[in-house]
Visitor: 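Let me begin by handing over the structure; questions about it come next.
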Number of protein chains: 2
Amino acid sequence: MRVEVTDALSRAFFSEWSRVGYAALSLERVAKAAGVGKAALYRRWPSKAAMASDLLSRVGLTLTETGDMGSLEADVRALLLAFRRVLRHRLIRRILTDLLAEIGREPALETALRPFQQARRDRVQQLIERAIARGELAATVDRETILDFLVAPLYWRLAVTKGRSDIAYIERLVRMTKAAMAAG
Amino acid sequence: MRVEVTDALSRAFFSEWSRVGYAALSLERVAKAAGVGKAALYRRWPSKAAMASDLLSRVGLTLTETGDMGSLEADVRALLLAFRRVLRHRLIRRILTDLLAEIGREPALETALRPFQQARRDRVQQLIERAIARGELAATVDRETILDFLVAPLYWRLAVTKGRSDIAYIERLVRMTKAAMAAG
DNA sequence: GTTGGATGGAACGATAGCGTTCCATCCATA
DNA sequence: TATGGATGGAACGCTATCGTTCCATCCAAC
């Protein structure tokens with residue numbers, strides 16, 4: 001099967017997803033937007049959920065990885081900046097919020113999202129372990145709750161309240177997150 | 001118009017919303033689930049968006065209000081517990097996540113949600129002002145960012161990662177949030 | 001008891017996506 | 001240059017919802 005057709009379909013799928021949402025996503029429109037016959041789509045994927053899962057799992061490979069930045073503060077800053085870079089894409093933001101809403105209804109999507117969550121979780125775990133090794137955090141901190149604190153406020157601001165997220169904000173977030181981690 | 005019909009329609013609307021999501025919500029099914037003719041529904045609301053906005057604005061009145069608990073820590077705890085009580089309802093959680101995803105596509109919904117956001121914002125503002133008056137927080141703290149920290153982690157855990165939120169977790173959240181606020 | 005308005009229910013034509021099938025055309029490989 | 005598989009496009013029957021209309025029934029207020 002021709003690769004450019006597959007690519008066009010993938011792009012159209014995400015574009016449509018962002019535009020109308022998962023539930024209202026019509027494969028007929030996806031094919032049309034890709035400039036492709038419906039048959040070409042159904043030859044590749046049997047259903048909307050299957051297509052979504054497949055495409056999401058492919059994208060999962062693109063996750064950025066940041067190494068040891070030398071200190072907890074620098075690690076947190078790097079993580080937040082990387083997260084911000086991703087969440088600033090309108091298309092990604094739309095799809096992510098939609099995905100989080102749709103997961104409760106389409107179990108297949110949860111499976112597809114799991115690699116992302118696991119990658120994020122692993123990355124934060126490493127960050128915490130490094131901080132403990134450096135003596136910047138107590139060994140008894142609650143990993144799960146720290147994970148919540150490292151991701152949630154920035155997500156909330158970028159995807160929900162749609163406020164500013166300039167460097168000054170990120171720096172404040174770094175300070176506050178560090179303080180929270182030390183208390184956890 | 002008969003009140004019990006209006007009530008049945010309202011209940012059915014939220015129930016269906018939670019079940020299939022806003023985009024896939026069919027007013028025909030809502031009427032059927034309410035045991036009511038479609039005409040009775042369209043006599044009351046002209047469209048899905050209008051019905052959603054109207055019903056949401058009615059619900060807005062039910063927002064719980066907690067007074068001064070005597071200290072920043074007690075205030076934060078009360079806020080988190082109240083928030084948890086709301087977010088523990090499966091129906092509310094589903095509708096809320098769905099709403100946050102749909103807002104980008106249906107401006108009318110943003111208008112309907114605004115009173116909620118404003119109420120939450122006001123409440124947090126009062127909490128902060130009280131803390132400053134008590135000398136527990138510096139007058140220079142960033143209100144907006146604190147707002148993010150007070151709401152986001154708990155939302156993230158309850159609505160996204162679907163992890164535990166027992167009292168021990170809430171207490172940890174109180175400690176960490178307090179530390180973050182002091183650093184902000 | 002009468003009356004007037006709201007009701008449940010059924011049907012309308014229109015639109016749209018579903019998943020599938022068919023076919024003439026295109027194009028890469030051999 | 002020949003050939004076989006993928007292609008775009010059109011159409012299939014089916015189902016569902018839309019927003020509207022009609023009507024016989026019901027019920028509450030007078």
Side-chain angles (χ1 to χ4, degrees), chain A residues 1-56 58 94-95 98-99 101-102 104-109 112, chain B residues 1-56 58 94-95 98-99 101-102 104-109 112:
Chain A
M1 297 184 181
R2 277 159 56 191
V3 185
E4 67 262 31
V5 170
T6 307
D7 287 350
L9 281 170
S10 306
R11 270 194 297 275
F13 187 86
F14 283 125
S15 164
E16 280 290 299
W17 189 344
S18 158
R19 200 172 62 82
V20 302
Y22 182 84
L25 209 175
S26 144
L27 296 188
E28 198 144 10
R29 270 202 311 269
V30 169
K32 189 163 293 180
V36 151
K38 255 206 303 184
L41 190 157
Y42 278 102
R43 231 173 270 131
R44 290 171 168 77
W45 300 279
S47 72
K48 182 163 69 169
M51 185 168 181
S53 296
D54 180 49
L55 294 186
L56 284 175
R58 287 181 207 279
R94 285 265 186 98
I95 291 179
D98 216 90
L99 197 48
E102 212 65 38
R105 286 181 277 272
E106 192 88 50
L109 290 181
Chain B
M1 297 184 179
R2 276 159 56 190
V3 184
E4 66 262 31
V5 170
T6 307
D7 287 351
L9 282 169
S10 306
R11 271 194 298 274
F13 186 86
F14 284 125
S15 164
E16 281 289 299
W17 188 343
S18 158
R19 198 172 63 83
V20 302
Y22 182 82
L25 208 175
S26 146
L27 297 187
E28 198 142 11
R29 269 203 310 271
V30 169
K32 190 162 291 179
V36 152
K38 254 206 302 184
L41 191 155
Y42 279 102
R43 228 173 272 133
R44 289 171 169 77
W45 300 280
S47 71
K48 182 161 69 168
M51 185 168 181
S53 297
D54 180 48
L55 294 187
L56 284 174
R58 287 180 205 279
R94 285 264 186 99
I95 291 179
D98 216 90
L99 197 48
E102 212 66 39
R105 287 181 278 274
E106 193 89 49
L109 291 182

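Quantities reported herein were computed from a predicted structural model and do not represent experimental measurements. Note: hydrogens, waters and symmetry copies are ignored here, and every other heavy atom, side chains too, is used. Residue numbers start from 1 in every chain, and the chains themselves are labelled A, B, ... in the order their sequence lines are given, proteins ahead of strands.
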Visitor: Would you indicate whether the side-chain heavy atoms of B:Leu27 and B:Tyr42 approach each other to under 4.5 Å?
Guide: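 Yes, close enough: below the 4.5 Å cut-off.
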Visitor: Whole angstroms only, please: what is the CD-P distance between A:Glu28 and D:dC14?
Guide: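 So the two atoms are 17 Å apart, to the nearest Å.
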Visitor: Run the salt-bridge test on A:Asp7 and A:Arg11 with the 4.0 Å N-O cut-off and return the result as yes or no.
Guide: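 A:Arg11 and A:Asp7: not salt-bridged.
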Visitor: Could you pull out the closest heavy-atom pair between B:Ala31 and B:Leu9, with the gap in Å?
Guide: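 Between these two residues, the closest heavy atoms are CA-CD2, 4.1 Å.
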Visitor: Hey, which of these two, B:Ala39 or A:Val36, hits DNA chain D nearer its 5' end, going by closest nucleotide?
Guide: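 Checking each residue's closest nucleotide, the 5'-ward one belongs to A:Val36.
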Visitor: Does some side-chain heavy atom of A:Arg19 sit less than 4.5 Å from a side-chain heavy atom of A:Arg29?
Guide: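 A side-chain contact exists here, since the closest heavy-atom pair is under 4.5 Å.
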Visitor: When you check the phosphate oxygens OP1 and OP2 of D:dA16, does a side-chain N or O of B:Ser26 lie under 4.0 Å from one of them?
Guide: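 No, because none of the side-chain N or O atoms of B:Ser26 sits under 4.0 Å from OP1 or OP2 of D:dA16.
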Visitor: For DNA chain C, which residues of residues 40-50 of chain B approach it to below 4.0 angstrom with any heavy atom?
Guide: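 Contacts with DNA chain C under 4.0 Å: B:Ala40, B:Arg43, B:Arg44.
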Visitor: Over 60° means perpendicular and under 30° means parallel, so tell me whether A:Phe14 and A:Trp17 are parallel, tilted or perpendicular.
Guide: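 Geometry flag for A:Trp17 against A:Phe14: parallel rings.
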Visitor: Starting at atom CZ of B:Arg29, determine the distance to atom C1' of D:dG19, rounded to an integer number of angstrom.
Guide: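 It works out to 17 Å between those atoms.
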Visitor: Both B:Lys38 and B:Val3 contact DNA chain C. Taking the nearest nucleotide for each, which residue is further toward the 5' end?
Guide: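 Result: B:Val3.
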Visitor: Can you confirm whether B:Arg44 sits close enough to B:Asp54 that some side-chain heavy atom of one is under 4.5 Å from a side-chain heavy atom of the other?
Guide: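 No, too far: nothing below the 4.5 Å cut-off.
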Visitor: Name the first nucleotide and the last nucleotide along DNA chain C (5' to 3') that come under 4.0 Å of a heavy atom in chain B.
Guide: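 Nucleotide range in contact with chain B: C:dA6 to C:dA11.
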Visitor: Around atom NZ of A:Lys48, are there more than 12 heavy atoms from other residues, nucleotides or ligands closer than 6.0 Å?
Guide: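 Above 12, so yes.
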Visitor: Could you check whether any side-chain heavy atom of A:Asp98 comes within less than 4.5 Å of a side-chain heavy atom of B:Arg105, counting everything from C-beta outward?
Guide: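 Side chain of A:Asp98 against side chain of B:Arg105, heavy atoms only: contact under 4.5 Å found.
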